Trainee: 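Here you go, one structure.
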Amino acid sequence: MKNKEVAEIFNKVAALLEIRGDNPYRIRAYQKAAQTIEALTTDIEELAKQGKLEKLPGIGADLAGKIKEVLRTGTLPIYEELKKEIPLVLLDFLEIPSLGPKKVKVLYEKLGITNIEELEKACKEHKIAKLPGFGWKTEENILKGITLFREKRGRRPLGEVLLLAEEIIETLKRESPVENIAVAGSIRRRKETVKDIDILITSVQPEKVMKKVTELPLVEEVIAFGETKTSVRLRTGIQMDIRVVEPDSWGAALAYFTGSKTHNIRVRELALEKGLKINEYGVFKGEEKIAGKTEEEVYASIGLPFIPPELREDRGEIEAALQGKLPKIVEYNEILGDAHVHSKYSDGTASLEEIIVKAEKLGLSWIAICDHSQGLKVAGGVSVEDLFKKKKHIEELNKRSSKVKLIFGAEVDILSDGTLDYPDEVLAEIDFVIAAIHTGFQQTEEQITNRIISALKHPLVHAIAHPTGRVIGEREPYAVNMPKILEVASEYGKALEINAYYKRLDLDDINARAAKERGIPLIIGTDAHFIDQINYLPLGIAVARRGWCEKKDILNTLTYEEFIAWLKNLRNPS
DNA sequence: GCCGTTTTCGGCCCGACTGTTTTCAGTCG
């Protein structure tokens with residue numbers, strides 16, 4: 001948690017400096033530092049103690065000192081100073097489309113506007129249009145922006161947007177003259193939340209495609225309309241940007257629009273060092289275009305192998321690629337099973353038979369049926385008696401089904417005192433025990449951490465489900481000391497779950513990478529309560545990929561027999 | 001504010017579109 005808090009302060013300093021109109025490169029330095037800190041897989045406090053802060057990219061003597069200051073005092077002199085100069089609420093204004101730092105500054109200095117209500121009032125009284133650089137159009141845009149802001153149309157979970165994007169692509173393929181079409185941006189990188197939908201197209205009739213885009217029934221409003229770039233807002237509130245390029249520029253454009261922004265900056269800096277220029281149209285040596293048709297070509301032009309989109313976050317992937325040390329991240333088709341599915345035995349809606357049919361459809365060869373344990377009454381926790389019925393049921397089905405095997409598991413509650421929700425003699429009968437916290441979220445960090453640690457140390461537990469308990473956009477993680485959890489999991493060889501449910505994705509990419517670096521096995525489970533939620537499995541795989549995980553790091557790449565062997569071996573090492 | 005087998009100073013990614021302008025700053029990605 002500490003890392004996020006430090007990063008947050010740096011980000012705010014950067015935003016405030018922007019409004020103040022400070023040196024843009026100084027601002028970028030703060031932003032870059034914030035990003036580096038947020039992506040750390042170790043506790044920043046540890047790095048500070050070891051005097052290793054200055055080894056981090058983008059952090060020099062000055063910022064290292066400032067990090068230490070934040071860790072010591074919780075704030076920074078420059079931050080406090082800026083807050084006095086510029087009201088913090090102005091940062092909210094930056095979220096309003098068409099308002100950037102320059103305009104926000106003018107609003108504050110000329111009209112003394114310091115909250116949304118005042119801003120709205122000033123628009124309605126047409127005071128804004130009279131300001132230099134503003135006009136009636138800007139006034140209208142701000143009013144629209146305020147409405148959007150109030151509706152909190154911020155980042156949405158990837159799982160919510162991905163299907164929509166794929167649907168739109170199918171429609172455009174069918175109904176307009178596109179040749180290549182692909183989703184780019186943070187969706188292609190499979191970031192856990194996304195702000196907009198970026199779609200890239202090649203076409204010989206770009207104007208027809210653009211027209212079609214604006215006519216899609218899903219479109220509510222056209223924000224910008226150009227020959228090569230069109231932006232619309234969909235009825236769901238999300239923005240969609242469409243770019244059309246020449247086939248010859250497909251790879252360069254795809255790389256460009258996939259981002260991330262910081263990854264792109266690094267790539268282009270590398271190009272400059274080699275006397276090349278990269279833009280969305282290609283790689284150029286002087287006037288001559290030397291690459292651009294494919295992404296591979298673009299990376300190769302600056303001496304890099306292809307970097308999978310999920311890694312393009314400027315979290316060391318470029319350095320790794322330069323050294324030939326890019327991980328061979330786990331492939332989507334290497335995942336053979338889903339390690340966390342609920343059935344009718346607890347609060348799931350599907351029968352075991354239905355789950356088998358679904359798994360076969362998805363090409364999976366095993367599913368771990370992990371229903372809730374007895375104490376979790378709200379979620380239909382399974383009594384000991386029913387648990388043994390389920391065990392028998394699974395054994396019978398496994399005899400009949402050859403393509404898909406079920407694994408007899410349980411998602412066992414970690415009670416508030418750290419003990420487990422079934423007695424040991426029952427746990428011993430369960431082939432796969434994944435323990436989880438479902439109650440007592442308000443406990444202190446020490447209490448929660450100790451609960452999970454006692455579960456990790458329990459000899460019959462194999463893994464911990466959704467280790468931080470966060471629900472994207474709804475619930476913050478409970479107070480848990482992740483470095484300690486990682487330490488104990490690593491010591492005891494226990495697995496941690498990447499929960500693939502679209503609102504959990506817990507562990508997240510950064511924690512998954514931290515686990516991988518410590519040799520902790522990871523296990524992906526959809527936590528499906530409805531049969532179709534098993535479809536979310538790729539979202540969990542995406543987290544693993546974003547966490548630099550390779551095949552060997554993920555237990556779901558094991559065959560049924562291998563996984564059963566792993567489970568047994570953990571309890572009785574051979 | 002960072003960074004350096006061309007550099008400890010002078011660089012720091014690149015382009016489309018909008019709106020307010022009569023040539024371009026600001027915003028956005």
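Within every chain, numbering begins at 1; the chains are lettered A, B, ... in the order of the sequence lines, protein sequences first and strands thereafter. The model shown is predicted, which means the values in this text are computed figures rather than measured ones.
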Trainee: Counting side-chain heavy atoms from CB outward, which of B:dT18, B:dG15, B:dT27 is closest to A:A224?
Mentor: B:dT18

Trainee: If you check every side-chain atom of A:R243, which of B:dG1, B:dA16, B:dG29 has the closest atom?
Mentor: B:dA16

Trainee: Assess the side chains of A:R188 and A:T258: does a donor N or O sit below 3.5 Å from an acceptor N or O?
Mentor: yes

Trainee: Considering only atom C1', compute the distance from B:dC28 to B:dT22 and round it to an integer number of Å.
Mentor: 24 Å

Trainee: For B:dC14, which nucleotide is its Watson-Crick or G-U wobble mate, given both distances must be under 3.5 Å?
Mentor: B:dG29

Trainee: Identify the residue among A:N3, A:L507, A:D43 that makes a side-chain contact (heavy atoms from CB on, under 4.5 Å) with A:M482.
Mentor: A:L507

Trainee: Kindly point out which of B:dG29, B:dG1, B:dT20 is positioned nearest to the side chain of A:L63?
Mentor: B:dG1

Trainee: With P as the reference atom in both, quote the distance from B:dG11 to B:dA16 in angstrom, rounded to an integer.
Mentor: 25 Å

Trainee: On a whole-Å scale, what distance lies between the P atoms belonging to B:dT23 and B:dC17?
Mentor: 22 Å

Trainee: Flag the pair A:E81 and A:K84 as a salt bridge only when some basic side-chain nitrogen lies within less than 4.0 angstrom of an acidic carboxylate oxygen.
Mentor: no

Trainee: If you pin A:L131 and A:S98 to their nearest nucleotides in DNA chain B, which one's is more 5'?
Mentor: A:L131

Trainee: Respond yes when some side-chain nitrogen or oxygen of A:T138 is under 4.0 Å from OP1 or OP2 of B:dT20, and no when none is.
Mentor: yes

Trainee: Can you identify which nucleotide, out of B:dG19, B:dA16, B:dC12, has its nearest atom closest to the A:N141 side chain?
Mentor: B:dG19

Trainee: To the nearest Å, how far apart are A:L270 CG and B:dG4 C1'?
Mentor: 14 Å

Trainee: Within the structure shown, what part of the strands sits under 4.0 Å from A:I27 by heavy-atom distance: base, sugar-phosphate, or nothing?
Mentor: nothing

Trainee: Quantified in whole Å, what is the C1' atom distance between nucleotide B:dC9 and nucleotide B:dG15?
Mentor: 29 Å

Trainee: Would you indicate which nucleotide in B:dG1, B:dG29, B:dC28 comes nearest to any side-chain atom of A:R26?
Mentor: B:dG1

Trainee: Is there a donor and acceptor pair closer than 3.5 Å between the side chain of A:D198 and the base of B:dG29?
Mentor: no

Trainee: Using atom P of each nucleotide, how far apart are B:dT27 and B:dT21 to the nearest Å?
Mentor: 14 Å

Trainee: If the cut-off is 4.0 Å, is A:K103 near the phosphate of B:dA25, judged by side-chain N/O to OP1 or OP2?
Mentor: no

Trainee: In whole Å, what separates the P atom of B:dC3 from that of B:dT8?
Mentor: 16 Å

Trainee: Out of B:dC14, B:dC12, B:dG29, which nucleotide sits closest to the side chain of A:K277?
Mentor: B:dC14

Trainee: Does B:dC17 have OP1 or OP2 under 4.0 Å away from a side-chain N or O of A:T228?
Mentor: yes

Trainee: Salt-bridged, A:E215 to A:K211, with N to O below 4.0 Å?
Mentor: yes

Trainee: Side-chain contact test, heavy atoms from C-beta onward, threshold under 4.5 Å: evaluate it for A:I197 versus A:D241 and give yes or no.
Mentor: no

Trainee: Ignoring backbone atoms, test whether A:K66 places a side-chain nitrogen or oxygen under 4.0 Å from the OP1 or OP2 oxygen of B:dG1.
Mentor: yes

Trainee: Taking the side chain of A:K102 as its heavy atoms from C-beta onward, which of B:dG29, B:dG26, B:dG1 lies nearest to it?
Mentor: B:dG26

Trainee: Using the P atom on both, measure B:dT18 against B:dC12 and round to a whole Å.
Mentor: 28 Å

Trainee: Closest approach to the side chain of A:Y281, judged atom by atom: which nucleotide of B:dT20, B:dC14, B:dA16 is it?
Mentor: B:dA16

Trainee: Measure from CD1 on A:I201 to P on B:dA16 and round the result to the nearest Å.
Mentor: 17 Å

Trainee: Output the single nucleotide from B:dC17, B:dT27, B:dC14 whose closest atom is nearest the side chain of A:Y256.
Mentor: B:dC14

Trainee: To the nearest angstrom, how far is A:M240 atom CE from B:dG29 atom P?
Mentor: 15 Å

Trainee: Applying salt bridge (Lys or Arg N to Asp or Glu O under 4.0 Å) to A:E170 and A:K173, what does each step give before you reach the verdict?
Mentor: CA-CA 5 Å; A:E170 285 313 310; A:K173 262 190 198 166; 3.7 Å; yes

Trainee: Out of B:dG15, B:dC14, B:dC17, which has the shortest distance to the side chain of A:E280?
Mentor: B:dG15

Trainee: Looking at A:Y30, does any N or O in its side chain come under 4.0 Å of the phosphate oxygens OP1/OP2 on B:dG1?
Mentor: yes

Trainee: Counting any heavy atom closer than 4.0 Å, what does A:P101 reach on the DNA or RNA strands: base, sugar-phosphate only, or nothing?
Mentor: sugar-phosphate

Trainee: Please give, in whole Å, the distance from B:dC28 P to A:E18 CD?
Mentor: 10 Å

Trainee: For A:D509, run the salt bridge (charged side-chain N to carboxylate O under 4.0 Å, His left out) check against A:R189, A:R315, A:R545, A:K516 and tell me which one passes.
Mentor: A:R315

Trainee: In whole angstrom, give me the gap between the C1' atoms of B:dT5 and B:dG1.
Mentor: 24 Å

Trainee: When the distance from OH of A:Y25 to C1' of B:dC14 is rounded to whole Å, what number comes out?
Mentor: 11 Å

